[in-house]
Amino acid sequence: MRQIGGGATIDSASPSRSYFTEKRVGLGNNSYLGVGRPSSQQYKKKKVTKAERLKLLQEEEERRLKEEEEARLKYEKEEMERLEIQRIEKEKWNRLEAKDLERRNEELEELYLLERCFPEAEKLKQETRMLSQWKHYIQCDGSPDPSIAQEMNTFISLWKEKTNETFEEVIEKSKVVLNLIEKLKFILLETPPCDLQDKNIIQYQESILQLQELLHLKFNVATEILLRQASTLADLDSGNMEKVIKDENVTLYVWANLKKNPRHRSVRFSETQIGFEIPRILATSDIAVRLLHTHYDHVSALHPVSTPSKEHTSSVTELVKDDVENVEKAISKEVEEESKQQEKQSHLIQEEKLKVEEEQDDIEVKMSSAEEESEAIKCELEMKVLSETVSAAQLLLVENSSEKPDFFENDMVDLFQFTTLGGVYHLDILELPPQCKPVKGWMIVEILKEGLQKYTYPPETTEDFETENAFPPIEVTLEVHENVIFFENPMVVRWDAEGKHWRTDGISNVSYKPKERLVTFSLDTFGPVTLIQDAHINMPYQSWELRPLDVNKVLLTVTTVFTEIQIQIKENLCMLSSVKLKDKKHISILEGTWMTPIPFIIALKEAGLNIFPTRYSHFYVVINNKVPLVEVKAYRQMALLSSTFAFGWSKWNLLCNSTKVVFKV
């Protein structure tokens, strides 16, 4: 018996004990609740024998090997499939490469054939230049051939001997002179540098300078003859002489002070707004004021002619000449050997006359074929020489100068940066020559040996004059040439005769009226003046496009900050198609006129439409310079394909390096 709870006792042998005991055990072994006591065998693990363990390991190893074999077979299959795909792709790529190589070879052969047009075109130009002398000869117009020094010297000497020519006669003769100067300049510009000898360049430039000086001298003499008759040509109202003579190349304005009225200080030529405001001292002096407006510039120095390095040209020509000589020697040697052999055979078999005749015919045929072959090879080598010279000339056009032009002072004008426009205004104060006097039906005139003299203003010594401001600047009003475009207000510059250059000092109070096209300024001393504009005002381009119009005919459109210019090009001719200024069409005298490239470029520059860079432009315009050879090759390919493809600018051309050229096709 055992005491539990509040002292009650329960007998261990009684049925109640077994109930509680089983209940407690059941609650303590939660997993066997309501099942009863488990047997002792259920608590023991089943033991695996060694054989079974080995069997299990063997099965595991077999399963692993099977999986590895399946993986290997799968990998090999995938690898074979990948290699097969690669092989198929490679074969396909090889076929494409072979096809592309075949196409490229065909295209290269076609390109070589097309590029033959460059030397052929140069050969045609050479023939044209050679025929120019004959064409000039058969014209029989009395003008000299500018390329022949003897004819030019004769023409200049004969014109120097002529005297007492009126201004109208000089103007008429000036047309011939200007035509000769233009032809000489075109010869220097159009002839390839390799064909120009130094002595010829010097001869042409000397002829140009002599003609320019003689023409200006003739204008001075004609002005003197005109001023001698000033009293007879005097105006009835003012009593002074005023004369205006206009021509397509020259305009003369002359005013002679005959009355010496100190109140008459404002000079305005009739039907124009051109004139002067002269000081009192000039209004009371025996003077004449002349404004000679030449629509050309014979004052500025001639630009130097660019020539390729002598080493390059001589090496190219000598190399090809050696090839020609070697080929000719080899062919002549073969012909001589064949003829000797045939002669020996003919001596040995003199009896067979028919054979000898046939063999002689064969000799003649072989010799003629050899000569034809020699001519063909010689022609081929000549084309090679032309191709080399054309390439060298084209390369010279795009090559940039490595050295900047000579240093210029602050007041000096750099003509590589600026360009003169509208011609030159020769402003002169002249001493009035003795006037003609009628005596008994005769006109008596005193002719001075020294000829027309300039009046020095201001005088070298001013001690005799009381006031300090006795020689104020002279106010001048000029009219801008109607065919010239200024995108900004023009700059007025004067010519320094001693330094031989244009200067900006000595000019003040400059004002410009674009609608009236009038420029007013004050000038300290009289002399040649001109208007200048930045030569690179339309550079760099904003965009450009080259579009085909027809066979061998294209349209080039260049858009700049101020204008849009359209140029038609066909064969060897160019034409200005249209000009737009601020989205408005501008009528130019050049529109609709076909010209060869060099005259066309010069005409556009003289009109103020300069879109053509020079070898010094990279010093004044920020651009991405390209390697000249790459640039030339790009231009050549564009020229060959321009009849079929359109080309345009690309913004990526600025971003890539100098060895690459990027444009749209």
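Everything numeric in this text was worked out from a predicted model, so none of it was measured.
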K.L.:
Could you go step by step and tell me if I611 and M539 meet the side chain to side chain contact (heavy atoms under 4.5 Å, CB included) rule?
P.N.:
CA-CA 7 Å; I611 55 172; M539 303 176 203; 5.5 Å; no
K.L.:
Give a yes or no on whether a salt bridge exists between K66 and E62, defined as a side-chain N under 4.0 angstrom from a carboxylate O.
P.N.:
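Salt bridge between K66 and E62, a charged N being under 4.0 Å from a carboxylate O: no.
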K.L.:
Check this for me: does any side-chain nitrogen of one of E67 and R64 sit under 4.0 Å from a carboxylate oxygen of the other?
P.N.:
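No, this pair does not count.
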K.L.:
With a 4.5 Å cut-off on side-chain heavy atoms, are T557 and I565 touching?
P.N.:
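No, every pair of side-chain atoms sits at 4.5 Å or beyond.
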K.L.:
Heavy-atom distance under 4.5 Å between the side chains of V558 and L556, does that happen here?
P.N.:
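They are in contact (side-chain heavy atoms under 4.5 Å apart), so the answer is yes.
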K.L.:
Just do the side chain to side chain contact (heavy atoms under 4.5 Å, CB included) check on L604 and I567 with the steps written out, would you?
P.N.:
CA-CA 11 Å; L604 280 187; I567 301 169; 4.2 Å; yes
K.L.:
Side chain to side chain contact (heavy atoms under 4.5 Å, CB included), that's the test. Do L573 and T596 meet it? Break it down for me.
P.N.:
CA-CA 5 Å; L573 298 174; T596 53; 4.0 Å; yes
K.L.:
Quick one: pull up CG in L395 and CD in E399 and give me the separation to the nearest 0.5 Å.
P.N.:
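Nearest 0.5 Å value for the CG-CD distance: 4.5 Å.
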K.L.:
Is the closest side-chain donor-acceptor distance between W93 and E97 under 3.5 Å?
P.N.:
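There is such a pair (donor and acceptor under 3.5 Å, judged by atom type) between the side chains of W93 and E97.
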K.L.:
Got a second to check how far I601's CD1 is from L189's CG, nearest 0.5 Å?
P.N.:
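The CD1 atom of I601 sits 9.5 Å away from the CG atom of L189.
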K.L.:
Will you find, in the side chains of N400 and Y616, an N or O donor that is under 3.5 Å from an N or O acceptor?
P.N.:
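No, no side-chain donor-acceptor contact under 3.5 Å.
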K.L.:
Mind checking ring pair (Phe, Tyr, Trp, His ring centres under 6.0 Å) for F647 and listing every partner two or more places apart, or none if nothing turns up?
P.N.:
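Partners of F647 by the ring pair (Phe, Tyr, Trp, His ring centres under 6.0 Å) criterion, ordered by chain and then number, come out as F663.
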K.L.:
Does atom CD of E403 have more than 12 heavy-atom neighbours, drawn from other residues, nucleotides or ligands, at distances under 6.0 Å?
P.N.:
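Open: at most 12 neighbouring heavy atoms sit under 6.0 Å from CD of E403.
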K.L.:
Provide the closest heavy-atom pair for P548 versus S642 in the form atom of the first, atom of the second, distance.
P.N.:
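Closest approach of P548 to S642: CB-O, 3.2 Å.
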K.L.:
Taking the side chain as every heavy atom from C-beta outward, state whether T563 and V579 have any pair of such atoms under 4.5 Å apart.
P.N.:
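When only atoms from C-beta onward are counted, V579 and T563 do touch, with a gap below 4.5 Å.
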K.L.:
Any donor and acceptor pair, going by atom type alone, linking the side chain of Q126 with main-chain N or O of A121 inside 3.5 Å?
P.N.:
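Side chain of Q126 to backbone of A121: no pair is present.
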K.L.:
Please give me the minimum heavy-atom distance between S543 and W649, naming the atom from each residue.
P.N.:
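Of all heavy-atom pairs spanning S543 and W649, the closest is CB-NE1, 3.1 Å.
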K.L.:
If the threshold is 4.0 Å, N to carboxylate O, is there a salt bridge linking E78 and R82?
P.N.:
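No, this pair does not count.
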K.L.:
Any chance you could measure E122, atom CD, to K125, atom NZ, to the nearest 0.5 Å?
P.N.:
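Between atom CD of E122 and atom NZ of K125 there are 5.5 Å.
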K.L.:
Answer yes or no: are there more than 12 heavy-atom neighbours, outside K633 itself, under 6.0 Å from its atom NZ?
P.N.:
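Atom NZ in K633 is not crowded, with 12 or fewer foreign heavy atoms closer than 6.0 Å.
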K.L.:
Give me each pair satisfying side chain to side chain donor-acceptor pair (under 3.5 Å) with a member in residues 597-614, each pair once, sequence neighbours excluded.
P.N.:
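Of all non-adjacent pairs touching residues 597-614, those that pass side chain to side chain donor-acceptor pair (under 3.5 Å) are T614-S617.
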K.L.:
Above 12 or not: heavy atoms from other molecules or residues under 6.0 Å from CZ of F612?
P.N.:
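It does: F612 CZ has more than 12 such atoms within range.
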K.L.:
Go through the structure and list residues passing side-chain contact (heavy atoms from CB on, under 4.5 Å) with P490, not counting sequence neighbours.
P.N.:
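Per chain and number, P490 pairs via side-chain contact (heavy atoms from CB on, under 4.5 Å) with F486, Y512, V519, L531.
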K.L.:
Here's a test for you: under side-chain hydrogen bond (donor to acceptor under 3.5 Å, both in side chains), which of E68, E76, E70 qualifies with R72?
P.N.:
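Of the listed options, the one satisfying the test is E76.
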K.L.:
List the atom of V622, the atom of P540, and the distance in Å for their closest heavy-atom pair.
P.N.:
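Taking every non-hydrogen atom into account, O-CG, 4.4 Å.
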K.L.:
Is any side-chain heavy atom of V630 less than 4.5 Å from a side-chain heavy atom of Y635?
P.N.:
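No, side chains not in contact.
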K.L.:
Could you go through the salt bridge (charged side-chain N to carboxylate O under 4.0 Å, His left out) check for R87 and E91 one step at a time?
P.N.:
CA-CA 6 Å; R87 186 186 64 79; E91 287 181 356; 2.6 Å; yes
K.L.:
Applying the side-chain hydrogen bond (donor to acceptor under 3.5 Å, both in side chains) criterion to S578, which one of Q566, H586, Q568 satisfies it?
P.N.:
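The residue from Q566, H586, Q568 that satisfies side-chain hydrogen bond (donor to acceptor under 3.5 Å, both in side chains) with S578 turns out to be Q566.
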K.L.:
Can you tell me if S650 uses its side chain to pair, donor with acceptor, with the backbone of K664 under 3.5 Å?
P.N.:
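No; judged by distance alone, with no hydrogens or angles, the pair does not exist.
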K.L.:
Show your working on side chain to side chain contact (heavy atoms under 4.5 Å, CB included) between K570 and W594 and close with a plain yes or no.
P.N.:
CA-CA 9 Å; K570 68 172 183 180; W594 290 97; 3.5 Å; yes
K.L.:
Any idea which heavy atoms bring G608 and Q533 closest together, and the distance?
P.N.:
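That closest heavy-atom pairing would be O-NE2, 3.9 Å.
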K.L.:
Has the side chain of N653 got a donor or acceptor atom that lies under 3.5 Å from a matching backbone atom of V662?
P.N.:
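It does hold such a pair.
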K.L.:
Supply the atom-to-atom distance T593 OG1 to L576 CG, rounded to the nearest 0.5 angstrom.
P.N.:
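Separation between the atoms: 9.0 Å.
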K.L.:
Starting at CG of L83, measure out to CD1 of I88 and round the result to the nearest 0.5 Å.
P.N.:
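L83 atom CG to I88 atom CD1 measures 11.0 Å (nearest 0.5 Å).
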K.L.:
Testing the 3.5 Å rule here: is there a donor-acceptor pair between the side chains of Q542 and T559?
P.N.:
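Absent: no donor and acceptor within the cut-off.
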K.L.:
Do the side chains of K185 and E182 get close enough for a salt bridge, i.e. N-O under 4.0 angstrom?
P.N.:
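Judged by the 4.0 Å cut-off on N to carboxylate O distance, K185 and E182 do not form a salt bridge.
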K.L.:
Indicate yes or no: at least one non-hydrogen side-chain atom of L415 is less than 4.5 angstrom from one of T419.
P.N.:
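Sidechains of T419 and L415: no contact.
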K.L.:
Provide the closest heavy-atom pair for I485 versus L421 in the form atom of the first, atom of the second, distance.
P.N.:
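Nearest heavy atoms, I485 then L421: O-CD1, 4.1 Å.
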K.L.:
Under a 3.5 Å threshold, yes or no: a donor from one side chain and an acceptor from the other, between D297 and S300?
P.N.:
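Side chains of D297 and S300: pair found under 3.5 Å.
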K.L.:
Got a donor-acceptor contact below 3.5 angstrom from the N200 side chain to the L196 backbone?
P.N.:
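No: the side chain of N200 does not pair with the backbone of L196.
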K.L.:
Check V661 against A634 and note the closest heavy-atom contact, atom names and distance.
P.N.:
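Residues V661 and A634, closest heavy atoms: CG1-CB, 4.2 Å.
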K.L.:
Is there a side-chain contact between C574 and M595 in this structure, where contact means two heavy atoms from C-beta onward sitting under 4.5 Å apart?
P.N.:
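In short, these two side chains do not touch, never coming nearer than 4.5 Å.
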K.L.:
So, do R103 and K99 sit near enough that their side-chain heavy atoms are less than 4.5 Å apart?
P.N.:
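No - every pair of side-chain heavy atoms lies 4.5 Å or more apart.
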K.L.:
Taking the side chain as every heavy atom from C-beta outward, state whether F487 and T560 have any atom pair closer than 4.5 Å.
P.N.:
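Contact flag for F487/T560 side chains = no.
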K.L.:
For the backbone of K90 and the side chain of N94, can you confirm whether one donor and one acceptor N or O come within less than 3.5 Å of each other?
P.N.:
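A pair under 3.5 Å: yes.
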K.L.:
Between CD1 of I569 and CG of L555, what distance do you get to the nearest 0.5 Å?
P.N.:
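Atom-to-atom, I569:CD1 and L555:CG are 8.5 Å apart.
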